[in-house]
> 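I am attaching a structure below and will ask some questions about it afterwards.
In what follows, residues are counted from 1 in the order of the sequence shown.
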Amino acid sequence: MDSSYAVGDLRVSDAEREPVIERLQEAYAEGRIDHDEFDLRVHLAMTAKTRNDLGAVTRDLVPVPSAPVHWDGEAPTGEDRMLAAVSHAVAIPTLFVGPLVLMLVSGKRSGYVRRQAAEAVNFHVTLLLVTIVTFGIGGALYAVAWILSIIAAIFALSGQTFRYPWILRLIK
């Protein structure tokens with residue numbers, strides 16, 4: 001038995017055809033293909049036997065890149081990204097006070113800024129509680145906190161959501 005088939009020569013299932021048909025529907029809705037071409041391509045997708053046949057149906061339909069969309073339905077603006085990054089960075093010298101002020105002031109205007117500032121507040125409150133409970137020994141974690149705050153600020157500048165690991169999320 002010869003098992004040296006190329007991936008493109010493998011037969012396709014209905015589950016593999018469905019995303020291709022959805023992409024064709026998107027392309028038709030975007031005006032990239034007309035009705036006759038849509039019908040033809042759907043027929044080709046439904047009768048495709050191999051992955052190569054199926055891939056040929058949408059090869060020229062490159063998806064449109066989209067900006068990251070957040071729960072409030074809008075991509076963060078440049079100002080939102082900057083304020084979110086500042087909320088992480090200002091926590092280094094001010095602990096949780098700086099992000100809390102930004103969350104209360106700018107969080108009403110932008111859900112993205114509020115979520116990122118709340119994440120910074122939760123992280124630094126957790127660090128403060130660990131330091132208090134361990135009678136100051138947990139203060140050694142602040143070196144790691146500075147690094148994580150800088151990483152979070154970079155994520156926020158790029159418009160991505162950053163979640164600190166292992167923290168109490170007291171503020172939602």
> Is there a chain of hydrophobic side chains (I, L, V, M, F, W, Y, each step under 4.5 Å between heavy atoms) that links I147 to I167?
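Linked, I147 and I167 end up in one cluster.
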> Taking the side chain as every heavy atom from C-beta outward, state whether L168 and L129 have any pair of such atoms under 4.5 Å apart.
yes
> Applying ring-ring contact (aromatic ring centres under 6.0 Å, His included), name anything that partners F155, two or more places apart in sequence or on another chain.
F162
> According to the side-chain hydrogen bond (donor to acceptor under 3.5 Å, both in side chains) rule, which pairs have a member within residues 137-152, sequence neighbours left out?
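Sorted pair list: H124-S149.
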> Grouping I, L, V, M, F, W and Y whenever their side-chain heavy atoms are under 4.5 Å apart, do L95 and V144 come out in a common cluster?
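Both belong to a single hydrophobic cluster.
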> For A45 versus V20, what's the shortest heavy-atom pair and its separation?
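So the two residues come closest at CB-CG1, 4.1 Å.
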> If you measure from OG on S13 to CG on L54, what distance do you get to the nearest 0.5 Å?
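S13 atom OG to L54 atom CG measures 9.0 Å (nearest 0.5 Å).
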> What distance separates E16 CD from D14 CG, expressed to the nearest 0.5 Å?
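Rounded to the nearest 0.5 Å, the CD-CG separation comes out at 9.5 Å.
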> Quick one: do L83 and V101 end up in the same hydrophobic cluster if we chain Ile, Leu, Val, Met, Phe, Trp and Tyr together by side-chain heavy atoms under 4.5 Å apart?
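The answer is no; the residues belong to distinct hydrophobic clusters.
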> Measuring from atom CG of L128 to atom CG of L141, what distance do you get when rounded to the nearest 0.5 angstrom?
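Rounded to the nearest 0.5 Å, the CG-CG separation comes out at 12.0 Å.
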> With the 4.5 Å side-chain cut-off for hydrophobic clustering, are L100 and F123 part of the same group?
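In one cluster: yes.
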> Write out all pairs satisfying salt bridge (Lys or Arg N to Asp or Glu O under 4.0 Å) with one or both partners inside residues 85-103, taking only residues at least two apart or from two chains.
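Applying salt bridge (Lys or Arg N to Asp or Glu O under 4.0 Å) to every pair that reaches into residues 85-103, excluding sequence neighbours, yields nothing.
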> Closest approach of V121 and F96, non-hydrogen atoms and distance?
CG2-O, 3.9 Å
> Contact between T94 and P99 at the side-chain level, heavy atoms closer than 4.5 Å - yes or no?
yes
> Quick one: does R51's side chain get under 4.5 Å of D9's, heavy atoms only?
no
> With a 4.5 Å cut-off on side-chain heavy atoms, are V12 and K49 touching?
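No, side chains not in contact.
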> Please give me the minimum heavy-atom distance between D34 and Y28, naming the atom from each residue.
C-CE1, 3.7 Å
> Same cluster or not: V97 versus L102, using hydrophobic residues (I, L, V, M, F, W, Y) connected whenever any side-chain heavy atoms lie under 4.5 Å apart?
no
> So, taking the atom named CD1 in I150 and the one named CD1 in I92, what distance separates them when rounded to the nearest 0.5 Å?
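Answer rounded to 0.5 Å: 4.5 Å.
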> Measure across A145 and L127 and return the closest heavy-atom pair with its distance rounded to 0.1 Å.
CB-CD1, 3.1 Å
> Is the closest side-chain heavy-atom distance between L10 and T50 below 4.5 Å?
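Answer no - side chains too far apart.
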> Please determine which of D60, D53, D36 meets the salt bridge (Lys or Arg N to Asp or Glu O under 4.0 Å) test together with R41.
D60
> Charged N to carboxylate O below 4.0 Å: is that the case for E119 and R169?
yes
> Got a sec, which residues hit salt bridge (charged side-chain N to carboxylate O under 4.0 Å, His left out) with E79, two or more places apart in sequence or on another chain?
R109
> Given D39 and H35, is the side chain to side chain donor-acceptor pair (under 3.5 Å) satisfied, shown in steps?
CA-CA 6 Å; D39 287 341; H35 183 69; 3.1 Å; yes
> Taking all non-hydrogen atoms of both residues into account, name the closest pair between G138 and V130 and its distance.
CA-CG1, 4.2 Å
> Is there a donor-acceptor pair closer than 3.5 Å between any side-chain N or O of D80 and the backbone N or O of V113?
no
> In Å, rounded to the nearest 0.5 Å, how long is the span from CG of L61 to CD of E37?
7.5 Å
> What residues, two or more places apart in sequence or in another chain, satisfy side chain to side chain contact (heavy atoms under 4.5 Å, CB included) together with A156?
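Only A84, A85, H88, Y112, Q116 meet the side chain to side chain contact (heavy atoms under 4.5 Å, CB included) criterion with A156.
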> If the condition is side chain to side chain contact (heavy atoms under 4.5 Å, CB included), which residues does A118 pass it with, not counting sequence neighbours?
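If we apply the side chain to side chain contact (heavy atoms under 4.5 Å, CB included) test to A118, skipping adjacent residues, the hits are M103, R114, I171.
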> Would you compute the distance between atom CE of M46 and atom CD of E18 and round it to the nearest 0.5 angstrom?
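M46 CE to E18 CD: 8.5 Å, rounded to 0.5 Å.
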> For the side chain of R32 and the backbone of A27, is there at least one donor-acceptor N/O pair under 3.5 Å apart?
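No; zero donor-acceptor contacts below 3.5 Å.
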